[in-house]
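So that the names make sense, note that chain A is the first sequence line, chain B the second, and so on, each numbered from 1. Keep in mind that the numbers below use all heavy atoms, side chains included, and drop hydrogens, waters and symmetry copies. Since we're looking at a predicted model, the values are computed, not measured.
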Amino acid sequence: MTPDGTNDSSTVVYFYDGTLEGFFSAVFDAYTGKDRPDIITVSENYQSRIDQIIHHVQTREDKYERVYDGIIKHIGPVGYHKVRTVFLSPSPDKDTILFRYLEYGFKVGKKIHVDISHELVNPVERLKKETWFEMHRMKMFARFAQMDNGVYFSKINPKCNVLPLVMEHFARRFNVQPFVIYDENHRILGLYDMKSWYLQYVDDDFEVPDCAEDDLRYQRLWKSFYDSIAIEERVNHDLRRNFMPKRFWSNLTEMSFIDPKDTIGHLGLSDSSSGSVVAHDELLPPEQRALPEQDASLF
Amino acid sequence: MDLQDKLALLTSAAKYDVACTSSGVDRSAQGGALGDAQSCGICHSFSADGRCIALLKILMTNECVYDCQYCVNRASNEDAVRTTLTPQELAELTIEFYRRNYIEGLFLSSGVIKCPDYAMERMCMAISLLRNEYRFRGYIHAKAIPGASSESIDRMALLADRMSVNIELPSQEGLKLLAPDKHKHSILEPMKHIRDGIKENKSDLVKYRSAPKFSPAGQATQMIIGATPDTDFQVLRLTSSLYRSFELKRVFFSAYVPVSTSELLPRNNAVPFLREHRLYQADWLLRFYQFDVNEIINESDPYLDPYLDPKCNWAMNNLDRFPLEVNKAEYEMLLRVPGIGVTGARRIVRARRTQNLTFEHLKKLRIVLKRAQYFITCGGTFAADTPFAHDAIYEKLTTDSSKQRGFREVMQARSAFEQLALFDDTAMLPHREDVQKSLTGQL
């Protein structure tokens, strides 16, 4: 069953505002209202049919509170954490999946955490893993550059809306330096001003700022380190791409750095800035050189 | 020489030290200090050879008075350009890389400049700068130099998170031949001292919670594979005893890459990748799957099977223990099923408390049924496409597994290439089956 209506035999559809509070309000309505929803989603994602019953959920704080309490009571803080995490997933079905999960959780209680092969539980466990891993990848692959005003700036493009999860990690680790993380996919800024961190939506005309001249020095040094650490005889682009998919490369200094002062730098680095052909390639005998990348999947 | 050139040179000199993790220590952030450490470890990048980059891995200097034949920095290598980083330069690099989220911390080693204790002293200056002046709370992995005094080691262990002393060569003969400056006891004594220090520290910490920590992420080491004729049996036996008696956290294996023209080392250019891979698989069995080293390998058959990973190999040699009923078998036996990993086994034990598991359920739990199907039943049903018999299953495992396919192509290509030297006429190129047969000794 998909939000675009194919193979969709549902009759009752709930539309909500896309926020977590709105989603919990939808769950509240499902239990107190007349019609149990077959689908819960945001109206932008779904083309409703004329024969379906549509219900627009009113987001209210008391509804949110009631459902929150219910979740803690039946499936515990662990359950709440799972719901909270899966909610950040980009999957269009996540709301319906979560709703069915909660229905089951309200029925069986904490046993739900053990019953992981159950058809209503398994999708949530799977989505939670995917979302958590995307967050972990942001911890791995976010790169900062210092701007002229001393603030460290980073741009990320995560599939899931993980900036709230990731700000906590960086605010602790980098508590001695002010920083900004820009989630370009979700148009949100995470700001840390040395006291606390907060989120802010971004204007349409927002531009990624330039880094300080000084910062280029460290980018150059990092690129130099990156190129030197590989053992030529072990070059394996497939393995690297497996661990570090190409969709991350544009934000990684070591894969995308183009030195402004460089034509051919003294380490011959400029060719390797595209990432697909490493400078070391020339050192390999012909049969071992990597073929030009055919990326059918820039996953 | 400018900093960038020094960095490139000293990084390149350090790259054969394969230890890569930033794991084993939780150190929470503190207001006013930079950094923290997370025990799961965080990889920040992956180099062109596919290895993870978590730390700034570098030598303090590549000047060395030792002459270990397998090492690119050996004293007799006149082609090597020698350089040194000051403690200040090293600390600055670490801090600035860390601030930009390039790294989790520092991995510091050194050539033996003047003597082991002098080299250790220089390293300690850099690490002490990081810990005390910069108040750095990230991860530091420091190498102890063979032959260093206990005092040097103590000083370093109180600053670093993990220590290692590289054994490099798995046997005494190899050591004598290739690294005459490193006597066996100059490697083992520091390792024992670190082990004892860690043990003592653990009991101190029980008494005084704020006692300074002594190498809290434990100790590791490395062995070079393929530089000497040592067998897999010798390597694994040593590995197992290192885990037991030295309480190491990790043993790393580094496939020998010919960096030396020494007469004493193998000349061919083939890097023993598969052998290294099999050894890591065996290492995992020792650490996570509760295997004893004698179950994996023995003296009469001292090399690991190239066609089957060690776990499959054990299962095939012990088919009388299978098939296991997935809903009833104990956790320890589930671990032994090819295709069921530690996570899979845990999931099965969890999920079967509420449901009788079928093959559909196992798929949802991400069990690799392609392999596991030959060794398990669900509710009594054996669902594999072959009868439960040794040869039939062996055939399937060696032809179906996609990992094996990759390996076979390499072997066949090599073999075909070698065969070409015998045949002038390319029409006489041997068939795939013939190559396969010649590899398995049937021809």
Side-chain angles (χ1 to χ4, degrees), chain A residues 108 111 113-119 122 126 136 139-146 152 154 169-177 215 217-222 224-244 252-255 266-267 272 278 280 285 287, chain B residues 3-5 7-12 14-16 28-36 38 40 42-53 56-58 93 96-102 135 137-138 255 257-258 269 271 273 347 350-355 357 360-362 364-366 413:
Chain A
V108 302
K111 260 177 24 181
H113 301 305
V114 160
D115 201 359
I116 52 182
S117 61
H118 191 280
E119 59 180 359
N122 191 263
R126 202 181 17 97
H136 191 70
K139 287 188 189 174
M140 290 160 68
F141 296 140
R143 298 278 184 266
F144 291 83
Q146 194 174 28
Y152 287 86
S154 170
H169 162 80
F170 285 120
R172 276 196 235 117
R173 167 173 292 212
F174 294 143
N175 69 83
V176 292
Q177 62 197 42
D215 197 84
R217 180 165 168 258
Y218 291 107
Q219 293 185 37
R220 236 172 255 130
L221 285 167
W222 176 241
S224 192
F225 171 78
Y226 178 82
D227 289 332
S228 309
I229 195 80
I231 297 177
E232 290 91 342
E233 290 84 349
R234 298 185 74 126
V235 163
N236 188 338
H237 294 295
D238 286 339
L239 184 62
R240 175 176 63 175
R241 216 178 44 220
N242 216 22
F243 286 122
M244 196 161 79
L252 289 173
T253 315
E254 60 269 31
M255 304 310 290
H266 61 263
L267 291 169
S272 52
V278 177
H280 299 293
E287 72 267 14
Chain B
L3 183 62
Q4 192 167 342
D5 290 333
L7 174 69
L9 205 61
L10 290 170
T11 301
S12 191
K15 67 193 178 201
Y16 298 103
S28 55
Q30 229 174 50
L34 174 68
D36 66 10
Q38 309 199 343
C40 61
I42 301 180
C43 294
H44 281 284
S45 190
F46 294 86
S47 49
D49 52 19
R51 297 186 300 155
C52 129
I53 301 176
L56 170 60
K57 185 184 292 184
I58 199 162
L93 273 172
E96 294 302 329
F97 280 1
Y98 192 83
R99 285 188 192 276
R100 289 161 174 77
N101 206 43
Y102 298 162
R135 298 186 62 201
R137 293 179 71 78
V257 174
N269 286 321
V271 181
F273 293 124
R347 287 208 187 115
R350 219 175 359 151
R352 69 185 183 188
R353 277 155 64 179
T354 44
Q355 296 245 17
L357 298 178
E360 278 311 305
H361 287 124
L362 291 185
K364 285 207 196 131
L365 298 177
R366 315 279 240 151

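For B:Tyr102, the parts sitting under 4.5 Å from any heavy atom of chain A are the backbone and the side chain alike. Contacts between B:Leu56 and chain A at a heavy-atom distance below 4.5 Å involve backbone atoms as well as side-chain atoms. Contacts between B:Arg347 and chain A at a heavy-atom distance below 4.5 Å involve backbone atoms as well as side-chain atoms. Heavy atoms of B:Arg137 lying under 4.5 Å from chain A are absent altogether. If you measure heavy-atom distances from B:Ala14 to chain A, you find no contacts under 4.5 Å at all. Within the 4.5 angstrom heavy-atom criterion, atoms from both the backbone and the side chain of A:Asp115 approach chain B. In this structure, the portion of B:Gln30 lying under 4.5 Å from any heavy atom of chain A is its backbone and not its side chain. Of the atoms belonging to B:Leu3, heavy atoms from both backbone and side chain fall under 4.5 Å from chain A. Looking at A:His118, both its backbone and its side chain come within 4.5 Å of chain B, counting heavy atoms on both sides. Contact annotation for A:Phe225: both backbone and side-chain heavy atoms come within less than 4.5 Å of a heavy atom of chain B. There is no contact between A:Ser154 and chain B, counting heavy-atom distances below 4.5 Å. The contact between B:Leu34 and chain A is made by backbone and side chain atoms together, counting heavy-atom distances below 4.5 Å.
Not counting sequence neighbours, the partners of A:Glu119 by the side chain to side chain contact (heavy atoms under 4.5 Å, CB included) test are B:Lys364. Residues passing the ring pair (Phe, Tyr, Trp, His ring centres under 6.0 Å) test with A:His169, sequence neighbours excluded: none.
For B:Gln4 and A:Arg220, the side-chain atoms include no donor-acceptor pair closer than 3.5 Å.
A 4.5 Å side-chain heavy-atom check between B:Arg350 and A:Val114 finds at least one atom pair inside the cut-off.
Taking B:Arg352, B:Arg51, B:Arg366 one by one and counting their heavy-atom pairs under 4.5 Å with chain A, the maximum is reached by B:Arg51.
A perpendicular orientation is assigned to the rings of B:Tyr98 and A:Phe174, their planes being inclined by more than 60° (bins at 30° and 60°).
A:Phe144 has its ring centre less than 6.0 Å from the ring centre of A:Phe170.
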